[in-house]
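Just below is one structure, and these are the notes that go with it.
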Amino acid sequence: MNITCVITAHREQHLIYPTLKSVFRAVEYAKKFGITSEILVTLDNSDTVTREIVERELLSTGVIESISYGDLALSRNHAVKQAKGTYLAFLDGDDLWGENWLANAFFLSESREDEIVCHPQYCIYFGQTQYIFEHVDMESPQFVREFLNNTNYWTALSFGKKSTYEKFSYKKNEIDKGFGYEDWTWNVETVEQGIIHKIIPGTMHAIRRGKTDPSLLDKTNMRTTVPRIYPMYCQTRVA
Amino acid sequence: MKKINSKLLTISEIESSVLYGKAEISETNPTLKIELHVNGKLTKSLIVNSTDSEPSDLNPTSFEFELTDLEVWLTNEIEIRVESDDNDVLASASVQYCPKIEEFSDQLRNIFDTGYYVSRFMHSLPNTEIAFEHYLTRGIYQDANPNIWFSNRYFREHYCDLIGKRAIPILVYLDRESQRKYSASEIFSPKHYVEANPDLAGIHALLAHYVQHGHNEGRNCSQVELQEELISEVGNLIEIEPLIEPIESNRTRIVKYPFLKQSIFAPSIAKKYFGSEIKAIVCTPFISVGGADLVSTYVLKALQKKYSESNVIFIVTDQSRIERPDWISSGSEIIDLPQLCGDGSSANARMDTLYHVIGELNPELIFNVNSHVAWDLYRKFGKQLSSAIDLYAYLFCFDFNQHNKRVGYIPAYLPTCIGYLKKVFFDNKQILDELRTLYGFSSSNLERLQTLYIPSEDLDSISTIHRSLPESERGKRKVLWAGRFAKQKRVDILIRISQAMPDVQFDVYGTEGNAEEGRGIVENNYANINYKGTFSSYNDLAIHEYDAYLYTSQWDGIPSILINMMRMGVPICAPEVGGIPELVFKDTGWPVKKYDDVQEFETTLRRIFSSREIGKQKSRLGIKHVKARHQWDLFNETIATALGEKVQISDIAIASNAR
């Protein structure tokens, strides 16, 4: 199996339907080039409406993992363990992929001997805010390492080898302790360990902003939370 | 700069195509021939000998050459050789010089990113003038980029016919920028910048505009619009999710990182400069002549004693101001946070930068003495920071506003931050009782509060002129007052006391503050108040001339000046406010019950004048009291004990903690 398409879902209800359609579309497009894919949906503390839509659309073509972590990082880590694909591609349960995303990311990854993580060139934000955001390639002069500690360069919807996600699992969010942004933490950690974050030219995702149930990101932003990007947060203190 | 013997020869600078240098004539080489070589050719020479000047190792001979036959746009190799009269080459030094750089200096300054340049090409803390000078005299010749949007490598690769080997790419770019034919790099094109932003069509210095404004405004500079295929794909996605907007109207407005300010580079610069050796950070807002600022330097000393000077950083956070550098040892490591963050940085930006600097330096503790930036840091990030490192603070007393309401650091920060702090020190005991009553802290929070008396300076006791001498011999009674002309210090009461005692001279040392009455004192408007300016040492004060030290204040901790006056044995008349009664009480001094009772101040001062033996006894007991309670060893030990045993740190594997 080449790619496991991981959709991390919670209680998106009808919003997951266009997400699934965009995944099917991308899978079909990749299939034209001989790329095989499976679809894996994690339903984390989900509800009956969301489950019904996922079960109906997937039929027997995908895998549903019902979990109760209440945490995106743990959901992703769980999916990594279950995935059969050589590569994983992540999508949140209310966002969309462009059609050529899987195929183009796969081909770039296969062409590189080093370990890379892929991001789409563009993110089209829609909903309560609308703008186009262009990702920065780590091998571009526009990538300034210092800026990554201040601002997350890339979204969480990445594409990479399963072995990469196994080696660098996501850290659980602990909003009550002031720690969040599991994807930002992951991005910094992987960059520090020499993983190159690449942009796939000509690809896009559509990212929904301002949902009915605030996303984990929105909740994170409402309080002062920080990513665990500094060594001091990874050290234990022994009296 | 290549030198055979740098002691003999120095090239000082080149300005307006004149080279200035110095060569040392000695008894062994009384005659020197100095040669100027330009691009490998000898162009000029001159002879200097001992008859021209006094030969001395301390007085090298200056020389200068006007540089002619330079290639104006190119890098010229300039070499100076010093030969003896036997034609032995004794020393040589070389520099590179392009005359056009001076002409473009202002334009170069407008595109120069200090934080980026220092982080990439220097090993120092950022100083804009020093960094820019480094760039103009060295970096520019070594293809150092002035910012991330201009690439010397790109320009050489794409326009090699234009510049050849010796031209300086940035100068050629700036000279031709208005033509909009040449890109500065893969990521900046003046042509695309104007096409994407038509409102900038009238601007010539486009790279400068982008560096200073455009990139922070999210303007495009290298990509005009989205590819047609992507616009088409958005159309397809709209069929799946109708909420997605068509992007035709947004196709040229694309947000792209980074948004760079000098503060972005500050943490990595600090890490590069200080490495991994930092154990403790002391934060202070600035160093003026105030008591709290002095205490911050005492805390610094104590931590330097515990860890060593190179392991402790002193960060000045609110203003670039150190008025008393003598309070800090010369080997101290200091960060000027406003300078590190760059001009115009907001308090919020400095707080965020301080957070990231701490993250990079990974100290064991932070100790804050009255820094607003650090208190804001504790309030915003205290939960996270306290999970990893120890947070400390020093507080003194409540301030009061014109409505007599408690204001200042304690109400603003202590209740919200106390749970994050390992210890909060106060310079007196009385405030702890007040806090207990006012806030009702839990027992675990109350345990974090501790009195830590400020140490006195190591001063000798001074016997003051005494009272039994007849007036004809001793002259007028003299009273000393020293402090800030702040509303807290009730300068108006000092004036009223002086007016009630016209037979007494009041010598006043003071710095300007927010009390309007201070102006009248500075202008010597009062008959028996003699304004003496400021002082930097107690030795400046002629203490032996004074019959008493008068202190006025409406609220206070235990002022360090009172501690030091008592240490010197000076009779002290002070109000019973704040922590002062813990220092000045009936055995050690002359307390006054109410801070604004002028009559009681007058009576007390006159008692001092007439009580020689009692005065001596109080002085002796006062000195003993200060030596017992306000001593350095106790201060250091208390801090060391509060810091506890050294924390053992073990790294956990960088992996998910939720398996």
Side-chain angles (χ1 to χ4, degrees), chain A residues 15 18-19 21-22 25 69 71 73-74 77 96 98-100 121-122 124 126-127 130-136 140-151 153 168-172 177-179 189 193 202-204 206 208 224-226 228-239, chain B residues 115-116 119 148-149 151 154 185-187 223 226-227 229-230 233-234 236-237 240-241 243-245 247 250-251 253-260 263-265 267-268 352 355-356 358-360 362-363 380-381 383-385 387-389 644-645 647-652 654-659:
Chain A
L15 298 181
T19 300
K21 284 179 75 174
S22 78
R25 197 164 158 260
Y69 296 121
D71 182 81
L74 302 184
N77 291 342
L96 291 84
E99 186 182 44
N100 63 357
Q121 185 175 8
Y122 295 106
I124 313 298
F126 69 96
Q130 287 144 45
Y131 61 96
I132 304 169
F133 176 70
E134 185 176 356
H135 276 142
V136 172
S140 146
Q142 207 140 351
F143 176 76
V144 176
R145 171 64 187 88
E146 290 90 338
F147 187 75
L148 182 59
N149 284 2
N150 262 270
T151 306
Y153 263 112
F168 303 105
S169 51
Y170 285 91
K171 286 190 172 51
K172 181 180 187 297
K177 291 185 183 172
F179 295 106
E189 185 183 346
Q193 296 301 318
T203 60
M204 69 162 61
R208 191 183 302 272
T224 300
T225 52
V226 298
R228 283 186 188 271
I229 58 174
Y230 288 117
M232 62 183 177
Y233 295 134
C234 301
Q235 294 164 341
T236 51
R237 286 145 57 88
V238 177
Chain B
Y116 167 78
S119 70
I148 70 162
W149 295 283
S151 165
Y154 174 92
S185 64
E186 302 94 326
I187 56 176
Q223 174 82 33
L226 288 185
Q227 302 94 316
E229 296 79 17
L230 285 165
E233 173 62 7
V234 171
N236 293 332
L237 288 178
I240 300 174
E241 172 49 84
L243 278 182
I244 296 174
E245 286 283 335
I247 57 171
N250 283 332
R251 57 200 287 169
R253 203 85 185 170
I254 301 170
V255 176
K256 191 169 184 178
Y257 293 145
F259 302 148
L260 294 181
S263 55
I264 297 287
F265 296 99
S268 68
D352 283 337
Y355 172 76
H356 291 292
I358 289 165
E360 288 285 358
N362 196 12
K380 186 174 178 187
F381 298 113
K383 184 185 288 187
Q384 297 92 337
L385 287 171
S387 72
I389 59 181
E645 294 292 326
V647 175
Q648 295 169 17
I649 304 286
S650 65
D651 289 328
I652 60 172
I654 309 298
S656 171
N657 57 4
R659 298 202 182 89

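Naming convention: chains lettered A, B, ... in sequence-line order (proteins, then strands); numbering from 1 in each chain. Worth saying up front: this structure is predicted, and the values here are computed from it rather than measured. Excluded from the calculations below are hydrogen atoms, water molecules and symmetry mates; all remaining heavy atoms, backbone and side chain alike, are included.
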Checklist line | Greatest number of heavy atom pairs closer than 4.5 Å to chain B - which of A/His135, A/Lys21, A/Glu99 | finding: A/Glu99
Notebook entry, point to check: Side chains of B/Leu385 and A/Tyr233: closer than 4.5 Å at any heavy-atom pair?
Noted result: yes
Item checked: B/Lys380/A/Val226 under side chain to side chain contact (heavy atoms under 4.5 Å, CB included): CA gap, chis, key distance, verdict -> CA-CA 10 Å; B/Lys380 186 174 178 187; A/Val226 298; over 6 Å; no
Next item on the list: Kindly indicate whether the side chain of A/Glu146, heavy atoms from C-beta on, has any atom under 4.5 Å from the side chain of B/Leu260.
Entry: no
Notebook entry, point to check: Are side-chain heavy atoms of B/Tyr257 and A/Thr151 found at a separation under 4.5 Å?
Noted result: yes
Note to self: Walk me through whether A/Tyr122 and B/Leu230 qualify under side chain to side chain contact (heavy atoms under 4.5 Å, CB included).
What the structure shows: CA-CA 9 Å; A/Tyr122 295 106; B/Leu230 285 165; 3.3 Å; yes
Notebook entry, point to check: With only heavy atoms counted, which part of B/Glu186 is less than 4.5 Å from chain A, the side chain, the backbone, both or neither?
Noted result: side chain
Check: Got a second to check how far B/Gln384's CD is from A/Thr225's OG1, nearest 0.5 Å?
Finding: 7.5 Å
Next item on the list: Using a 4.5 Å cut-off on heavy atoms from C-beta on, say whether the side chain of B/Ser387 contacts that of A/Phe179.
Entry: yes
Note to self: Shorter than 4.5 Å, heavy atoms on both sides: which option in A/Ile229, A/Leu148, A/Asn150 has the most such pairs with chain B?
What the structure shows: A/Asn150
Check: Can you tell me how far the CE atom of A/Met204 sits from the CG atom of B/Leu237, to the nearest 0.5 Å?
Finding: 6.5 Å
Notebook entry, point to check: Quick one: of B/Tyr154, B/Trp149, B/Phe259, who has the most non-hydrogen atom pairs under 4.5 Å with chain A?
Noted result: B/Phe259
Notebook entry, point to check: Non-hydrogen atoms of chain B under 4.5 Å away: do they reach the side chain of A/Ser140, the backbone, both or neither?
Noted result: side chain
Note to self: Please classify the contact between B/Tyr116 and chain A as side chain, backbone, both or neither, with a heavy-atom cut-off of under 4.5 Å.
What the structure shows: neither
Notebook entry, point to check: For the residue pair B/Gly359 and A/Pro231, what are the closest heavy atoms and their distance?
Noted result: O-CD, 4.2 Å
Item checked: Interface residue of largest heavy-atom contact number with chain A, from B/Leu243, B/Ile148, B/Ile244, under 4.5 Å -> B/Ile244
Next item on the list: Report yes or no: do A/Asn100 and B/Glu233 form a side-chain donor-acceptor pair below 3.5 Å?
Entry: no
Next item on the list: Look at A/Phe133, A/Tyr153, A/Phe126, A/Phe147 and state which one has the largest set of heavy-atom pairs under 4.5 Å with chain B.
Entry: A/Phe147
Check: Which answer fits B/Ser185, side chain, backbone, both or neither, if we ask what part of it has an atom under 4.5 Å from a heavy atom of chain A?
Finding: neither
Note to self: Using side chain to side chain contact (heavy atoms under 4.5 Å, CB included), reason through B/Asn362 and A/Tyr230 one step at a time and then give a plain yes or no.
What the structure shows: CA-CA 8 Å; B/Asn362 196 12; A/Tyr230 288 117; over 6 Å; no
Margin query: Show the nearest heavy-atom pair for residues A/Val144 and B/Phe265, with the distance to one decimal.
Written below: CG1-CE2, 3.7 Å
Checklist line | Contact summary for A/Pro18 and B/Glu241, nearest pair of heavy atoms | finding: CG-OE1, 3.5 Å
Checklist line | Any donor-acceptor N/O pair, A/Glu134 side chain to B/Lys256 backbone, under 3.5 Å | finding: no
